[in-house]
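Model, not experiment: these values are computed from the prediction. Note that the numbering runs from 1 along the sequence shown for the chain.
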Amino acid sequence: MARPEDSAWAVSVAQVASRPGQSSPVDADFPAPSGIGDVIVGVTEGEPIHVNGAFDSIIDGLVFHAHITAPVHAECTRCLKPLQHDWGTDVTAFFPYSYKEDETDDDTDIIAGEEESEDTYPLSPDGCFADLEALLRDTFAESLPLQPLCQPDCKGLCPQCGINLNEHPEHKHDTTDIRFAALAGLKEQLERETKDR
């Protein structure tokens with residue numbers, strides 16, 4: 001069974017967890033995990049995802065505030081234009097731990113995540129590692145638009161011939177030019193596909 005601290009997204013917060021009132025910054029790139037495309041459309045496995053934030057220690061856990069940024073490759077849902085941009089979102093999460101008294105010692109050990117709920121993320125009990133991968137999958141997926149547009153007023157494609165109406169706003173049809181417009185739209189689509197390769 002894989003340990004949380006072995007994850008590429010694991011962050012050691014043992015020092016912070018042992019001292020309430022402390023803070024530990026996180027400013028690093030993490031590789032997009034496997035299968036991420038099934039959860040977050042447009043994010044490719046292995047691409048760098050940047051996390052900038054901090055863990056703040058409170059009495060019963062760690063509060064994590066951060067900004068997550070990832071490169072997203074998608075296409076406009078109206079005109080099918082390829083989109084490539086960095087998409088970011090602010091997240092706040094709670095990483096709980098509880099205290100377990102050792103019968104042979106007065107010291108207190110931190111045991112993580114015994115009473116986690118849906119909106120919390122457990123720490124690893126071995127050394128207090130926070131695994132941010134689940135946080136990425138849960139929060140980033142919710143923030144991405146399901147229907148991205150290349151521009152807010154995207155006009156899409158002509159339903160008759162497929163010409164991009166953003167690039168040809170004057171484009172119209174009458175009964176005599178539909179066949180020629182269809183050929184022009186096909187030519188434009190082929191040129192676009194060739195350029196994308």
Could you pull out all residues at least two apart from [X] that satisfy side chain to side chain contact (heavy atoms under 4.5 Å, CB included)?
{"X": "Leu157", "value": "Cys79, Leu80, Asn164"}
{"X": "Gln15", "value": "Arg19"}
{"X": "Glu45", "value": "Ser34"}

Closest heavy-atom contact between [X] and [Y]?
{"X": "Ile49", "Y": "Ala70", "answer": "CG1-CB, 3.8 Å"}
{"X": "Phe94", "Y": "Ile58", "answer": "CE1-CD1, 3.9 Å"}
{"X": "Leu123", "Y": "Cys128", "answer": "CD1-SG, 4.5 Å"}
{"X": "Val72", "Y": "Trp87", "answer": "CG2-CB, 3.7 Å"}
{"X": "Asp131", "Y": "Ser7", "answer": "OD1-OG, 3.3 Å"}
{"X": "Ala32", "Y": "Ile36", "answer": "CB-CG2, 4.1 Å"}

Inset, instruction - Share the residues that join Leu83 in a hydrophobic cluster, the rule being Ile, Leu, Val, Met, Phe, Trp or Tyr side chains under 4.5 Å apart at the heavy-atom level. - result: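 Direct or chained contacts put Leu83 with none.
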
Residues that [X] engages under side-chain hydrogen bond (donor to acceptor under 3.5 Å, both in side chains), provided they are two or more places apart:
{"X": "His50", "answer": "Asp27, Asp29"}
{"X": "Glu47", "answer": "His73"}
{"X": "Ser23", "answer": "Asp56"}

Inset, instruction - Report the residues that fulfil salt bridge (charged side-chain N to carboxylate O under 4.0 Å, His left out) with Arg78, sequence neighbours left out, ordered by chain and then residue number. - result: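 Applying salt bridge (charged side-chain N to carboxylate O under 4.0 Å, His left out) to Arg78 gives none.
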
Inset, instruction - State which residues pass ring-ring contact (aromatic ring centres under 6.0 Å, His included) with Phe64; sequence neighbours excluded, sorted by chain then number. - result: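 Expected list: Phe55.
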
